There are 2 protein chains.
Amino acid sequence: MTSHIHCQNCSMAPLCLPYLLNPEQIEQLDSIIQRHRPLQKRDLVIHSDDPAKFLYAVRSGSLKSYTLDSQGGEQIIDFHLPGDLIGFDGLIDGNYRSYTQALETTMLCEIPIQSLDQLSTELPGLRRQLLRVVSSELYSSKTLLGNLNHHSAQQRLAQFFVTLSSRFQQRGLSSREFRLSMTRADIGNYLGLSVETISRLLTQLQRDGLLQVQNKLVAIHAPERLRALAV
Amino acid sequence: MTSHIHCQNCSMAPLCLPYLLNPEQIEQLDSIIQRHRPLQKRDLVIHSDDPAKFLYAVRSGSLKSYTLDSQGGEQIIDFHLPGDLIGFDGLIDGNYRSYTQALETTMLCEIPIQSLDQLSTELPGLRRQLLRVVSSELYSSKTLLGNLNHHSAQQRLAQFFVTLSSRFQQRGLSSREFRLSMTRADIGNYLGLSVETISRLLTQLQRDGLLQVQNKLVAIHAPERLRALAV
DNA sequence: CGTCGCGTTGAATCGCGTCAACTTCGGTGG
DNA sequence: CCACCGAAGTTGACGCGATTCAACGCGACG
């Protein structure tokens, strides 16, 4: 029995599709959305080349998206937190172009693309928010690209933590202490750095008193200094 | 007198907003679009933080988009060719977040965001194409990120030429010979490499017979070998 | 003719990747 | 609950690829 889960009472709504809608409209949106069975760690939600029937919204947990290079290696292109929408690459030609995998136990909302399209005819706010979210992702992606291109390993990692921290804050969670659901290898892959470099930088940041790391747990001690590093 | 310029007879239409529209609908779209005065090299079309009233479509010429880092340095995030749409980052909160500058004499179509939004209520095809274009950009941006992260300087540059070449081909131009409207410094900035590295790689690719470069002119001699390099 | 932006080339440096050894964590089964 | 084993993480030594610094060539333009 999961009928108590609705957009109407979802704390991620302000970050998600309901943002520009009034209560009545949110109800309309909610009526086309299915709650997905919980995903376990390593479960694949989206498989590249599959027909794209749904967008997904993260309700709880976290995921990574990746493509495969010519040797079959993962190229991580995104980490998803609650409130994030997943599956936009399926809108290009009707098939997904990447894989999305749960990093921990995760709950998703399943949004049928076709119903969403129909509903967006009636609800200008929905249409705008959809475009707003994709544009925003596009912008983040481009600036991230610029940042990675022009910065050292330390700056990249600092930037990664600063961004992650602010995303947690947006979601009403602590920006100072959080758990990394991804491995060091995932972070390295995402930032274009080797696992060893990530590990070395972490001990270095810790030695310099910027943060503390214990396994997956991160406590940021000097956010302003970290932000200064990130440039 | 530029009244002969319309979406109806624009060769870039299949790449642009009209893609999913029938002739009558294209006419509706055309009626909200203004032709922009020609831009000269170095003219700024979009200034970061300005209110975003328009999207722009490139009719001819080319441009670069960039943000500024904390020291005021350019971070190039995109090169735009005919048929491309510009200005999506203005949809996030109503203000542009980057700069866009002409690399040569350039003609733009000016699309009022508000009218576009209204028209997209009536035209599902317009709505879908808009979302399609942004999603597609998003996907390119993410995979580019993955590519740059995981590849050597040579692979990056090869990838750059392969992509550029295929974009020219999509636009009905030669995929074998084209003119680079951007400088070596621009390319290096975009790919996260120094000018010197770009220069060295170009002479090397030329020495290996993959392509020929004379100033801005590029002739690709062995597209398949270039593609193999890009991986 | 001189200047300035752009591009090329060489030499020296260094940041990060690679390889390798070792430790710790976490899950699974007895 | 503990023993075990593979996955994940850490640390050190070494090498290489790309940056940096510097000098120079070339064409455009006043």
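Computed from a predicted model, the values in this text were never measured in an experiment. So that the names make sense, note that chain A is the first sequence line, chain B the second, and so on, each numbered from 1.
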Quick one: ring-ring contact (aromatic ring centres under 6.0 Å, His included) partners of A:Tyr139, sequence neighbours excluded? none
So, B:Arg167 and B:Asp84, do they make that salt bridge, N to O below 4.0 Å? yes
Does the separation of the ring centres of B:His47 and B:Tyr96 fall below 6.0 angstrom? no
Distance, rounded to the nearest Å, where A:Asn149 contributes CG and D:dT19 contributes P: 10 Å
Whole-Å distance between D:dA8 P and A:Leu217 CG? 18 Å
Looking at every strand, decide which applies to B:Ser199 at a 4.0 Å heavy-atom threshold: base, sugar-phosphate, or nothing. base
Would you say A:Thr203 reaches D:dT11's phosphate, i.e. side-chain N/O to OP1/OP2 under 4.0 Å? yes
Are A:Arg35 and A:Asp30 ion-paired here, with the side-chain N under 4.0 Å from a carboxylate O? yes
Quick one: label A:Asn215 by what it contacts on the DNA or RNA (base, sugar-phosphate, nothing), any heavy atom closer than 4.0 Å. sugar-phosphate
Check this for me, if you would: do B:Glu74 and B:Lys64 make a salt bridge, where the nitrogen-to-carboxylate-oxygen distance has to be below 4.0 angstrom? yes
Are there any protein N/O atoms within less than 3.5 Å of an N/O atom in nucleotides 14-21 of chain C, and if so, which ones and at what distance?
from, atom 1, to, atom 2, distance (Å)
C:dC16, OP1, A:Ala153, N, 2.7
C:dG17, OP1, A:Gly192, O, 3.3
C:dG17, OP1, A:Ser194, N, 3.3
C:dG17, OP2, A:Ser194, N, 3.3
C:dG17, OP2, A:Ser194, OG, 3.0
C:dG17, OP2, A:Thr197, OG1, 2.3
C:dT18, O4, A:Arg200, NH2, 2.9
C:dC19, N4, A:Glu196, OE2, 3.1

Taking B:Val58 as the fixed residue, which of B:Leu63, B:Val45, B:Leu15, B:Leu85 is the one that meets the side-chain contact (heavy atoms from CB on, under 4.5 Å) rule? B:Leu63
Can you see if the side chain of A:Lys216 gets near the phosphate of D:dG9 - specifically, an N or O under 4.0 Å from OP1 or OP2? yes
Nearest-angstrom distance from the residue atom NZ of A:Lys41 to C1' of C:dG27: 10 Å
